[in-house]
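Structure first, commentary second.
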Amino acid sequence: MVPKIAMIGGGSWATAIVKMLSDNLSEKEIFWWMRNEEAIEHIKKFKHNPHYISSVEIKLNEDNISSDITHIVKTADYIILNVPAAFLKGSLDNITAEELKGKKIISAIKGIVPEDNLIIGEFLHETYDIPYHDILVVSGPCHAEEVALEKLSYLTIACTDVEKASTFASFLNTRYIKTNVSDDIFGTEYAAVLKNIYAVASGICHGIGYGDNFQAVLISNAIREIERFVDAVHPINRDIKESAYLGDLLVTAYSQFSRNRTFGNMVGKGYTVKSAQLEMNMIAEGFYAVKCMHIKNQAYNVNMPICKAVHNVLYEGRSPHIEMKLLAEKLN
């Protein structure tokens with residue numbers, strides 16, 4: 001039986017994963033849901049996403065691209081969730097737990113559901129009663145823009161059932177995508193959330209004039225914050241230096257393609273949070289994530305000075321210059 005894989009979301013990362021799936025040689029049928037009807041018609045006619053990494057050629061059957069999420073979900077064996085975390089509940093509004101039963105649900109979302117303050121795996125488990133062995137997490141280091149250019153990139157697929165992770169990874173392997181598997185769905189997902197916050201911090205520091213020397217210290221402290229937090233939340237034997245943790249942090253903190261770094265850079269240069277969001281016209285997940293993590297960490301009380309500094313700038317209205325100067329005194 002040919003596996004049916006559905007993409008939920010129409011952004012750059014969704015487009016990049018559709019490209020990977022299409023370029024992969026294993027037999028499968030790909031479906032794609034997005035909300036924007038005009039974008040769907042454009043893709044059907046011109047074979048390109050008009051709004052995100054439009055250089056990518058879309059090779060899907062026209063009938064498999066739809067704005068009817070119920071139909072797409074019903075058809076699929078594998079469902080990849082790839083909308084901003086803040087919009088996930090709205091996207092799944094008309095989907096019931098029964099409709100997701102027995103399906104493999106893959107989170108390619110690097111954020112927290114704000115209203116529930118849950119990472120995607122926890123939200124799916126608690127809201128839709130999906131067993132953890134049917135939940136998979138896709139993490140980097142991997143930017144959509146480099147996938148579009150077919151530059152060699154790496155993904156980690158995590159699931160408590162490593163065999164399922166390996167099966168899904170086999171749908172993504174191409175000459176420019178290499179995959180690893182992991183059983184650490186909590187650690188990889190929390191790390192993917194946290195690295196966006198640290199990329200915002202990196203951008204803020206760049207915007208106010210800190211140099212590469214400081215950035216190196218900032219990010220070396222950031223990986224230790226990630227390690228402290230994921231060890232507190234889900235203490236298992238993991239190597240924080242692996243690509244899914246340290247690698248994903250590095251590319252998000254340093255890359256020209258990082259929207260979280262770009263957002264932070266604008267704030268550091270004097271933009272208000274709102275004006276930076278409006279000018280970017282893209283979601284910087286770190287903005288939502290830092291508030292959620294600030295609340296969540298009240299239960300764990302992990303020492304996270306970088307997270308706290310970003311929260312103070314974005315939500316408390318503190319001066320980026322003053323806050324980062326205070327933060328610099330706490331780093332080592």
Side-chain angles (χ1 to χ4, degrees), residues 5-18 20-21 32-36 49 52-53 69 72-73 76 78-93 95 100 103-128 130 132 134-144 147 155-159 165 168-169 172 182 184-200 226 230 233 244-245 248-249 251-252 257-260 263 282-293 296:
I5 304 173
M7 172 59 67
I8 305 298
S12 56
W13 188 221
T15 306
I17 294 179
V18 167
M20 295 176 210
L21 292 167
W32 196 358
W33 172 87
M34 62 179 71
R35 193 184 304 277
N36 189 323
N49 188 334
Y52 300 96
I53 52 173
I69 193 170
I72 294 288
V73 165
Y78 294 84
I79 299 166
I80 307 170
L81 300 176
N82 208 331
V83 296
F87 304 144
L88 179 62
K89 289 181 78 170
S91 298
L92 297 180
D93 253 352
I95 302 300
L100 295 178
K103 298 178 186 291
K104 281 73 175 174
I105 315 298
I106 299 96
S107 171
I109 302 169
K110 299 175 180 181
I112 292 183
V113 181
E115 305 92 328
D116 301 76
N117 219 33
L118 298 170
I119 54 174
I120 309 305
E122 291 171 335
F123 170 77
L124 294 170
H125 181 71
E126 294 189 15
T127 307
Y128 292 95
I130 299 168
Y132 280 116
D134 280 339
I135 297 170
L136 294 84
V137 175
V138 176
S139 58
C142 194
H143 278 305
V147 172
L155 293 173
T156 295
I157 315 301
C159 182
F168 185 72
L172 296 171
S182 167
D184 186 15
I185 61 169
F186 296 101
T188 53
E189 190 158 13
Y190 271 115
V193 169
L194 287 164
K195 55 99 179 183
N196 286 331
I197 298 170
Y198 301 125
V200 173
I226 291 176
V230 296
V233 172
Y245 313 101
D248 206 8
L249 169 65
V251 76
T252 311
F257 297 125
S258 171
R259 66 188 68 175
N260 288 284
F263 171 71
M282 296 175 82
I283 298 294
E285 289 279 16
F287 170 73
Y288 298 101
V290 73
K291 183 178 182 181
C292 295
M293 291 302 303
K296 189 174 282 287

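Residue numbers run from 1 in the order of the sequence given. Since we're looking at a predicted model, the values are computed, not measured.
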Any donor-acceptor N/O pair, W32 side chain to G9 backbone, under 3.5 Å: yes
Side chains of C142 and V147 in contact at under 4.5 Å (non-hydrogen atoms): yes
Shortest non-hydrogen separation from S258 to H143 and the atoms involved: CA-CE1, 3.9 Å
Sidechain-backbone polar pair: N49 side chain, G10 backbone, donor-acceptor under 3.5 Å: yes
N117 versus K296, closest heavy-atom pair with distance: O-NZ, 2.9 Å
Step-by-step side-chain contact (heavy atoms from CB on, under 4.5 Å) determination, I95 to I69: CA-CA 8 Å; I95 302 300; I69 193 170; 4.1 Å; yes
Backbone of K110 reached by a side-chain donor or acceptor of N196 within 3.5 Å: yes
With Y288 via ring-ring contact (aromatic ring centres under 6.0 Å, His included) - residues at least two apart: none
Would you list the atom pairs, donor with acceptor, under 3.5 Å between side chains in residues 81-92 and any protein atom, with sequence neighbours excluded?
residue	atom	partner	partner atom	Å
K89	NZ	D116	OD1	2.9
S91	OG	R35	NH2	3.3
S91	OG	F87	O	3.0

Whether Y132 and H125 hold their rings parallel, tilted or perpendicular, with breakpoints at 30° and 60°: parallel
Flag side-chain contact, heavy atom, 4.5 Å: T252 against Y198: no
Atom of V230, atom of A191 and distance for their closest heavy-atom approach: CG1-N, 4.3 Å
CZ on F287 to CZ on F263, rounded to 0.5 Å: 6.0 Å
Criterion side chain to side chain donor-acceptor pair (under 3.5 Å) on S139 and D248, from CA distance to verdict: CA-CA 8 Å; S139 58; D248 206 8; 5.2 Å; no
Value rounded to 0.5 Å, distance of CD1 in I185 from CD1 in I157: 13.0 Å
Side chains of V290 and V200 in contact at under 4.5 Å (non-hydrogen atoms): no
Aromatic ring proximity, centroids under 6.0 angstrom, Y245 and Y190: no
Pairwise side-chain contact, L136 with I105, heavy-atom cut-off 4.5 Å (strictly under): no
Stepwise side-chain contact (heavy atoms from CB on, under 4.5 Å) test for L155 and M20: CA-CA 11 Å; L155 293 173; M20 295 176 210; 3.7 Å; yes
With sequence neighbours excluded, residues passing side-chain contact (heavy atoms from CB on, under 4.5 Å) with A144: S12, W13, A16, I53
Validation row: V73, I79 side chains within 4.5 angstrom (heavy atoms): yes
Heavy-atom pair with the smallest gap, counting every atom of A165 and A158: CB-C, 4.4 Å
Side-chain (E285) to main-chain (V193) donor-acceptor, under 3.5 angstrom: no
Spacing of L249 atom CG and I226 atom CD1 [to the nearest 0.5 Å]: 4.5 Å
Side-chain heavy atoms of D134 within contact of K103, under 4.5 Å: no
Test item: L21 and L172 side chains (from C-beta on) under 4.5 Å apart, heavy atoms: yes
Shortest non-hydrogen contact between P141 and V251, atoms and distance: CB-CG1, 3.6 Å
Spacing of OG1 belonging to T127 relative to CD belonging to E122, to within rounding of 0.5 Å: 10.5 Å
Between OH on residue Y78 and CE on residue M7, distance to nearest 0.5 Å: 14.5 Å
Between CD1 on residue I72 and CE on residue M34, distance to nearest 0.5 Å: 10.0 Å
